[in-house]
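Working notes, structure below.
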Amino acid sequence: EDQVTQSPEALRLQEGESSSLNCSYTVSGLRGLFWYRQDPGKGPEFLFTLYSAGEEKEKERLKATLTKKESFLHITAPKPEDSATYLCAVLRGSNYQLIWGAGTKLIIKP
Amino acid sequence: DAGVIQSPRHEVTEMGQEVTLRCKPISGHNSLFWYRQTMMRGLELLIYFNNNVPIDDSGMPEDRFSAKMPNASFSTLKIQPSEPRDSAVYFCASSLAGGGETQYFGPGTRLLVL
């Protein structure tokens, strides 16, 4: 069964304390893996798309990487404004439907 | 450039009433998605339109839910009659070209059915 699992469910860090969020997936025929950020009361905001193992993308303090089984979202020297829920989603085969993870709630304390 | 626009942002109604949610996708996008988000089930795809045509409505919970897309710049999701278990945040998202492209989400409509 196609599945996307994110860990941890929640992560509390001090400002400046770097860490990583994990998104593991079991799908057939990966076409793309998407990372979104969601703030309370808002819709998911697109961050990155990764298409093949070994690919990396960066944006400010965020860096996303992809292997054949999982993706990591690395956060370097985070700031309180990085606090949000980070969602991972996978697109497979010839389907249009994204398979969503449950998200990781990230809290950065000043 | 305007993003996806949804209205209303908040809706409180009583059980049995009809609820209509509205969405304006990003101009030029030809794929539109309606999602529902709850704490228990996360994001669930309800229905997907491509070029104004419903492609997959298998996620629509039951016959009380219906969706239309009369033109490329407008879609509605209707619940009739509404029930308390329909309380959730409903998102509309649009993408360029086919369903494999990045989806851009609206701000959502928070629905509370009493």
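So you know, we letter chains A, B, ... as the sequences are listed, proteins then strands, and number each from 1. Only a predicted model underlies this, so the values are computations on that prediction, with no experimental measurement involved.
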Would you find more than 12 non-hydrogen atoms of other residues, nucleotides or ligands less than 6.0 Å from B:Arg110 atom CZ?
-> no

Checking B:Arg9 against chain A: side chain, backbone, both or neither under 4.5 Å from a heavy atom?
-> side chain

Tell me, side chain or backbone of B:Gln37 under 4.5 Å from chain A's heavy atoms, or both, or neither?
-> side chain

Give, for atom CG of A:Leu98 and atom OH of B:Tyr35, the distance between the pair rounded to the nearest 0.5 Å.
-> 4.5 Å

Would you say [Y] ends up clustered with [X] if hydrophobic residues are merged whenever their side chains have heavy atoms under 4.5 Å apart, either directly or through other cluster members?
X        : Y       : answer
B:Leu45  : B:Leu21 : no
B:Ile26  : B:Leu32 : no
B:Met69  : B:Leu46 : yes
B:Tyr104 : A:Phe34 : yes
A:Phe72  : A:Leu62 : no

What residues form a side-chain contact (heavy atoms from CB on, under 4.5 Å) with A:Ile107, not counting sequence neighbours?
-> A:Arg12, A:Lys105, A:Lys109

Residue by residue, which of residues 35-48 of chain A have a heavy atom closer than 4.5 Å to a heavy atom belonging to chain B?
-> A:Tyr36, A:Gln38, A:Gly41, A:Lys42, A:Gly43, A:Pro44, A:Phe46

